[in-house]
Amino acid sequence: MIAGARDTQLLVSVFDSELGWMALVENRRAVLGLKFGQPSPLAALAAMGFEPAMLGDVRTTGPLVRRLQAFARGRYDDFLDVPLELGRQTPFQRRVIAACRKIQPGQWRSYGELAAAAGAPRAARAVGSVMAANRIALLVPCHRVLRAGGRLGGYSLGSGLPLKQQLLDLERNLRPAKKRSRIGAKPVAAGICGAIGAGG
């Protein structure tokens with residue numbers, strides 16, 4: 001079950017974008033889930049764990065929907081103002097997610113660097129597990145977390161590693177340009193992700 005879904009009115013949006021079909025799940029306070037890179041509306045719903053019969057009205061527009069579509073077309077947005085419902089998380093998991101959200105578009109960190117930013121420098125594998133369980137893609141930008149040396153690592157959404165590379169390529173050219181990210185984040189240069197790793 002999606003974190004925060006119990007006893008809560010869900011708002012489900014399914015919409016097309018330059019990054020494939022997306023499914024966005026919100027309640028009145030925060031985002032509970034976001035998946036993208038899907039070939040159809042039904043596939044987007046299935047990626048979120050829904051079947052059409054489980055849903056009432058499905059929206060196709062809204063303020064966050066428009067922002068996500070603009071981002072997919074190349075418009076800068078860090079989404080840091082968007083509240084998230086993370087559900088049950090350990091303090092470490094919450095620190096990892098908070099540190100991941102601070103990685104700006106066009107920047108990246110290694111799993112080890114993200115572990116250090118979360119206060120556990122030896123927990124790179126645990127960071128990989130947190131990223132693999134991410135249900136709020138793009139808003140928790142796990143695609144910006146790479147293996148040492150800029151290798152892609154893993155990615156479970158859509159087409160997998162090709163979609164991760166597509167996102168990193170997109171973010172090198174977002175408009176309008178923003179200032180560089182926080183200390184420790186590296187700019188993504190062309191070709192830096194050319195060596196594809198085998199896992200997260």
Side-chain angles (χ1 to χ4, degrees), residues 13-24 31 33-41 43-44 47 60-82 84 96-114 117 127-128 131-132 134-200:
S13 304
V14 179
F15 52 97
D16 201 4
S17 78
E18 297 297 318
L19 292 170
W21 282 88
M22 297 192 185
L24 171 68
V31 172
L34 173 64
K35 298 290 185 179
F36 68 101
Q38 301 301 318
S40 70
T60 59
T61 189
L64 184 53
V65 168
R66 290 188 289 273
R67 287 174 64 180
L68 288 163
Q69 288 174 321
F71 178 84
R73 291 192 301 268
R75 177 67 63 186
Y76 180 95
D77 198 327
D78 61 18
F79 300 107
L80 286 174
D81 62 309
V82 178
L84 307 182
V96 169
I97 289 170
C100 181
R101 291 194 81 190
K102 292 177 183 177
I103 307 171
Q104 293 288 294
Q107 307 289 316
W108 65 276
R109 281 188 180 168
S110 71
Y111 292 98
E113 288 169 331
L114 192 57
V127 165
M131 297 293 96
N134 180 23
R135 293 188 59 85
I136 312 179
L138 292 182
L139 307 186
V140 178
C142 55
H143 63 279
R144 298 178 195 146
V145 184
L146 310 180
R147 296 183 75 181
R151 293 176 295 159
L152 286 182
Y155 202 61
S156 60
L157 285 175
S159 60
L161 294 181
L163 180 59
K164 186 172 186 175
Q165 184 69 68
Q166 180 184 354
L167 279 168
L168 295 171
D169 291 342
L170 169 73
E171 291 183 350
R172 281 201 302 270
N173 299 300
L174 290 175
R175 57 186 196 282
K178 294 286 184 177
K179 64 183 180 181
R180 288 292 181 193
S181 184
R182 293 155 179 79
I183 295 172
K186 301 177 180 67
V188 176
I192 196 168
C193 301
I196 296 178

Seminar exercise, completed: Note: T61 and R66 closest approach over all heavy atoms is OG1-NH1, 3.2 Å

For this session: Heavy atoms only: give me the nearest C100-C142 pair and the separation to one decimal.
Result: SG-N, 3.9 Å

Exercise. For the side chain of N134 and the backbone of V140, is there at least one donor-acceptor N/O pair under 3.5 Å apart?
Worked result: yes

Exercise. What heavy-atom pair brings L80 and R101 nearest, and what distance separates the two atoms?
Worked result: CD2-O, 3.1 Å

Exercise. So how far is it from L138 CG to D78 CG, rounded to the nearest 0.5 Å?
Worked result: 12.5 Å

For this session: With sequence neighbours left out, write down each residue that passes ring pair (Phe, Tyr, Trp, His ring centres under 6.0 Å) with F79, or none if nothing qualifies.
Result: F71

Problem set entry | L146 side chain near K164 side chain, heavy-atom distance below 4.5 Å | yes

For this session: Would you check if I97 and I136 make a side-chain contact, meaning some heavy-atom pair closer than 4.5 Å?
Result: no

For this session: Identify the two heavy atoms, one from A44 and one from A23, that lie closest to each other, and give their separation to 0.1 Å.
Result: O-CB, 3.4 Å

For this session: Answer yes or no: is there a donor N or O on one side and an acceptor on the other, between the side chain of Q107 and the main chain of P105, under 3.5 Å?
Result: no

For this session: Report yes if some heavy atom in the side chain of V96 is under 4.5 Å from a heavy atom in the side chain of M131; otherwise report no.
Result: yes

Seminar exercise, completed: Here the pair of heavy atoms bringing P141 nearest to I103 is CG-O, 4.1 Å

Exercise. Could you give the distance from CZ (R73) to CZ (R175), rounded to the nearest 0.5 Å?
Worked result: 8.0 Å

Exercise. Which atom names give the shortest non-hydrogen contact between M22 and S17, and what distance separates them?
Worked result: CE-OG, 3.3 Å

Exercise. Heavy-atom distance under 4.5 Å between the side chains of H143 and L170, does that happen here?
Worked result: no

Problem set entry | Pairwise distance CG(L174) to CD(Q104) - rounded to 0.5 angstrom | 10.5 Å

Exercise. Counting distance only, does the side-chain N/O of E18 pair as donor-acceptor with the main-chain N or O of Q69 below 3.5 Å?
Worked result: no

Problem set entry | side-chain contact (heavy atoms from CB on, under 4.5 Å) between R67 and D81, intermediate numbers included | CA-CA 12 Å; R67 287 174 64 180; D81 62 309; 2.8 Å; yes

Exercise. Are F15 and L68 side-chain neighbours, meaning at least one heavy-atom pair lies under 4.5 Å?
Worked result: yes

Problem set entry | Minimum side-chain heavy-atom gap R135-L84 below 4.5 Å | no

Exercise. Which distance, rounded to the nearest 0.5 Å, do you find between the CG of L167 and the CZ of R172?
Worked result: 11.5 Å

Exercise. What distance do L24 atom CG and T60 atom OG1 have between them, rounded to the nearest 0.5 Å?
Worked result: 12.0 Å

Exercise. Are W108 and E171 side-chain neighbours, meaning at least one heavy-atom pair lies under 4.5 Å?
Worked result: no

Seminar exercise, completed: Residues passing the side-chain hydrogen bond (donor to acceptor under 3.5 Å, both in side chains) test with R75, sequence neighbours excluded, are none

